[in-house]
Structures are given as C-alpha cells and as structure tokens.
Amino acid sequence: MLSRHPSATGGVNQGPFLVDVAVVGAGPVGLSIAWRCAQRGLRVVVHDPAPGSGASHVAAGMLSPVAEAYFGEHELTALLADSAARWPAFAAELAEAAGADVGYRTDGTLVVGLTADDLAEARRLWAYQQGLGLPITPLRPSALRDREPALAPRVRGGAVAPGDHQVDPRRLVPALRAAAERAGAALHPAPVARLSDLDARVTVVAAGCGAAALTGLPVRSVKGQVLRLRAPGRGAPGFRHVIRGYADGESIYLVPRDSGEVVVGATVEERADTEVTAGAVLRLLRAAVDLVPELAEYDLVEASAGLRPGTPDNAPVIGSLPGRPGVLVATGHHRHGIVLTPVTADLVTELIVTGEPDPLLAPFTPDRFVPEEERRWN
Ligand code: GLY
C-alpha cells in the first residue's frame with residue numbers, strides 16, 4: 001500500500017483521509033496516473049471542471065522520441081525513448097480496458113526539407129540523432145517519393161524515423177477516463193482553488209499550466225496554434241506517414257488519421273492567450289501545401305490554439321514537491337505530453353506505492369526549481 005517514506009513523497013500527511021490519491025487535472029497525464037493508481041487498489045479521485053479540455057484537446061498526438069531529440073536535451077531524449085517504448089503495450093491495454101480504439105498508428109515518420117537550406121538544417125539534426133544511436137535514416141529523393149508519393153516534387157530530401165508514431169489525443173482522453181473509472185477512480189468535476197482543500201493522503205498536481213498557481217513552480221504557458229483539415233469525400237488522407245517538414249524556414253508537422261483528418265501544427269509562441277491569428281494560419285497552410293500540394297483541396301475544419309506547460313529548462317517536472325508533504329507534481333511536459341504519458345503514469349504510481357523514486361526521474365524532480373530555503377517541510 002502507500003509508502004510512508006518521507007524521502008520519496010516529501011513526508012506523509014496524517015490520516016485518516018477520504019481518499020488515498022487526489023489527482024488535480026484530467027488530461028492524459030492525470031487520468032493515466034489515476035488509472036494506474038486505481039489498478040493498484042488505491043482510492044482515487046480526479047478533480048477537473050473540464051476533463052480533456054487543456055493542451056491535449058489541441059495536440060496532434062505525435063509519439064516522436066527521435067524526431068524530437070534536440071541538441072542539448074540528452075536526459076529528456078532518454079525519457080522520451082523510454083516512454084515511447086511503453087506505448088505499444090499501453091495502447092493495447094488501454095484499448096482493452098476502455099473498450100475503445102485510441103487511434104494508435106505505427107506508420108512511422110518522414111522528416112523532410114523543402115529547399116536546400118531546409119535540408120541542410122534537417123541534416124544537421126539527423127547527424128546529431130544518429131550520433132546518439134537513434135533510428136533515423138536519410139533517404140534518396142526517389143526512395144522518399146516511393147514511400148510517400150503525395151510529397152511535392154520540390155521537396156529536396158528527407159529521412160525516415162520508423163519508430164516515431166502517433167495516437168489520437170481526442171480518443172485517448174475519453175478512453176483513459178473510461179479506463180480510470182472502470183478501475184474504480186472517481187471524477188469530481190469542480191476546480192481546485194487550494195491543495196489544502198483536498199482530503200487525500202497524496203495529492204498529484206497534473207494540471208498542466210494550472211500547476212503554477214497551485215504549487216508556485218515556474219510553469220509557463222507556451223501557445224501553439226494548430227489546424228485540422230479533412231480529406232474530401234470522407235476518404236483517408238493521401239499519405240500515411242507523419243510528416244515533419246522544414247519549409248522555407250518554417251517547421252511544421254502533418255499528422256494523417258484514418259478518419260480523413262490531417263492535423264497541421266504548430267506555432268510555438270511565448271504567450272498565454274488562445275487567439276487564432278490569420279498570420280499563423282497563413283504560415284501553417286503555406287508550409288503544409290508546399291510540402292503536400294493535395295492539402296490545398298482539403299476542407300479546413302478547425303483552427304485552434306492550446307497552451308503547453310513549459311518549464312525554465314523545457315523538461316517535465318515530476319516528483320515530490322519540497323516543503324509540501326504528500327504533494328507530488330507531474331507537469332511541464334511542454335511539447336511531449338502525449339508521448340510522456342505512459343512513463344509519467346508508471347513512475348508516479350510507483351513512487352506513490354513504494355515510496356521510491358525511479359532513477360529515471362532524477363533529472364526531472366521539482367527541487368531543481370525550489371530554492372534551498374524553501375525545501376524544508378512546512
Ligand atoms: N509536440 C508537438 C507540439 O508541441 O507542437
């Protein structure tokens with residue numbers, strides 16, 4: 001059952017409590033923690049006035065441990081790879097538990113460059129990723145077009161990341177909610193103003209950008225504008241891979257779904273509003289059509305904006321909150337919330353159950369953002 005090791009959970013509150021675990025936030029991370037904890041026999045309540053309405057509602061659902069391995073992010077890259085490796089079993093177990101398809105597809109990802117300059121930029125990153133031993137393989141232009149004939153003839157070159165996949169976040173969240181509830185977790189559709197209002201032995205703050213107000217951690221909002229297109233005639237899109245493209249200096253991705261939807265994303269803006277701007281729509285559409293011309297014939301069905309929870313080092317913050325006994329956080333997933341969902345859920349649940357933090361979490365603990373004088377228990 002629950003650990004009473006103060007070292008792991010920042011101390012343990014005195015009981016008795018209404019529940020073992022209160023999760024604040026019903027996005028993919030919060031719901032999957034609730035599901036895993038309920039599977040372990042813990043009494044769990046998830047608090048959220050609008051489940052699944054945060055960043056995951058806008059997210060494309062790319063599972064990209066390789067194409068999103070960036071310079072200087074070794075520890076994050078290792079966590080992404082670990083979590084991506086959990087996805088096949090996680091998706092299968094979830095589909096079974098929820099009785100629902102979550103849109104997990106394993107067609108791989110193509111990373112392409114439109115111009116010679118775009119290709120030079122892409123090649124530099126592939127060389128770095130290959131240097132880490134990650135699976136990404138440059139392709140001859142003919143091989144690229146054999147894989148994906150819908151690419152524009154102008155596309156200068158590309159590479160395949162065969163292990164970078166996708167899931168549909170708008171199917172994932174309802175499935176996680178169903179699985180969590182079937183396992184015994186309860187959903188309480190009300191906001192949480194103060195953590196001290198919760199009657200739980202352990203509280204997990206998985207509230208995305210909302211974690212800043214609840215915990216004082218430096219979590220900032222990073223705006224992303226995203227489009228949703230639909231193939232004409234309700235058919236499937238004319239390409240199957242996720243396509244990540246550099247196009248005249250813009251960096252975009254195209255995520256095709258079986259339903260005919262294509263998600264086009266995304267801006268990365270250091271701002272906290274969710275307005276959709278004409279300029280962003282123009283840039284995303286221009287880059288998308290430059291890479292895959294047939295997209296000009298698709299319906300534009302949605303333009304939306306979401307807020308990614310970013311931290312000062314853009315890595316997640318997962319673990320015990322210093323100075324707050326019984327409070328854990330799982331947020332700051334920034335551009336990687338969907339891919340990091342399984343590993344976050346598993347490791348937070350292990351921390352709650354055993355009291356021992358997994359070594360994988362060491363680079364991501366909240367204490368890196370908490371001044372020494374605030375780390376003592378209240
Ligand atoms: N991971 C994609 C994005 O945040 O736009």
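Just so we're clear, the structure is a prediction, and the values are computed from it rather than from any experiment.
Across every non-hydrogen atom of Arg257 and Ala60, the tightest pair is NH2-O, 2.7 Å. Between Ile136 and Ala159, the shortest heavy-atom distance links the atoms CG1-CB, 3.9 Å. Residue Val204 comes nearest to Ile33 through the heavy atom pair CG1-CD1, 3.9 Å, listed as atom of the first residue, atom of the second, then distance. For the pair Leu134 and Pro65, the tightest heavy-atom approach, listed with the atom from each and the gap, is CD1-O, 4.5 Å.
Pairs of residues two or more places apart, or lying in two chains, that qualify as side chain to side chain donor-acceptor pair (under 3.5 Å) and include a residue from residues 298-319 are Arg170-Glu302, Arg220-Asn314, Glu294-Tyr298, Glu302-Ser304, Thr311-Asp313, Asp313-Arg368.
Using a 4.0 Å cut-off between charged nitrogen and carboxylate oxygen, Asp101 and Arg171 count as a salt-bridge pair. Salt bridge Asp290/Arg286: absent, no basic N to carboxylate O contact under 4.0 Å. Remark: Glu68 engages Arg244 in a salt bridge, criterion side-chain N to carboxylate O under 4.0 Å.
The side-chain heavy atoms of Asp48 and Leu187, taken from C-beta on, include no pair separated by under 4.5 Å. The shortest distance between side-chain heavy atoms of Leu42 and Arg201 does not fall below 4.5 Å. No side-chain heavy atom of Val264 sits less than 4.5 Å from a side-chain heavy atom of Leu285.
Panel note: side chain Asp164, backbone Thr109; no donor-acceptor pair is recorded below 3.5 Å. Although no hydrogens or angles enter the test, the distance criterion places no donor-acceptor pair under 3.5 Å between the side chain of Glu261 and the main chain of Pro256. At distances below 3.5 Å, at least one donor-acceptor pair connects side-chain atoms of Asp118 with backbone N or O atoms of Gly249.
Taking CG of Asp367 as the start and CG of Leu321 as the end, the distance is 9.5 Å to the nearest 0.5 Å. How far CG of Leu198 is from CZ of Phe17: 11.5 Å, rounded to the nearest 0.5 Å. To the nearest 0.5 angstrom, Leu110 atom CG is 6.0 Å from Ile243 atom CD1. Between atom NE2 of residue His74 and atom CG of residue Leu79 there is a gap of 15.0 Å, rounded to the nearest 0.5 Å. Note: His336 NE2 to Ile338 CD1 = 12.0 Å, rounded to the nearest 0.5 Å. Expressed to the nearest 0.5 Å, how far CG of Leu176 lies from CZ of Arg36 amounts to 9.0 Å.
Checking Glu269 against Gln225 by side-chain atom types alone, a donor-acceptor pair falls below 3.5 Å.
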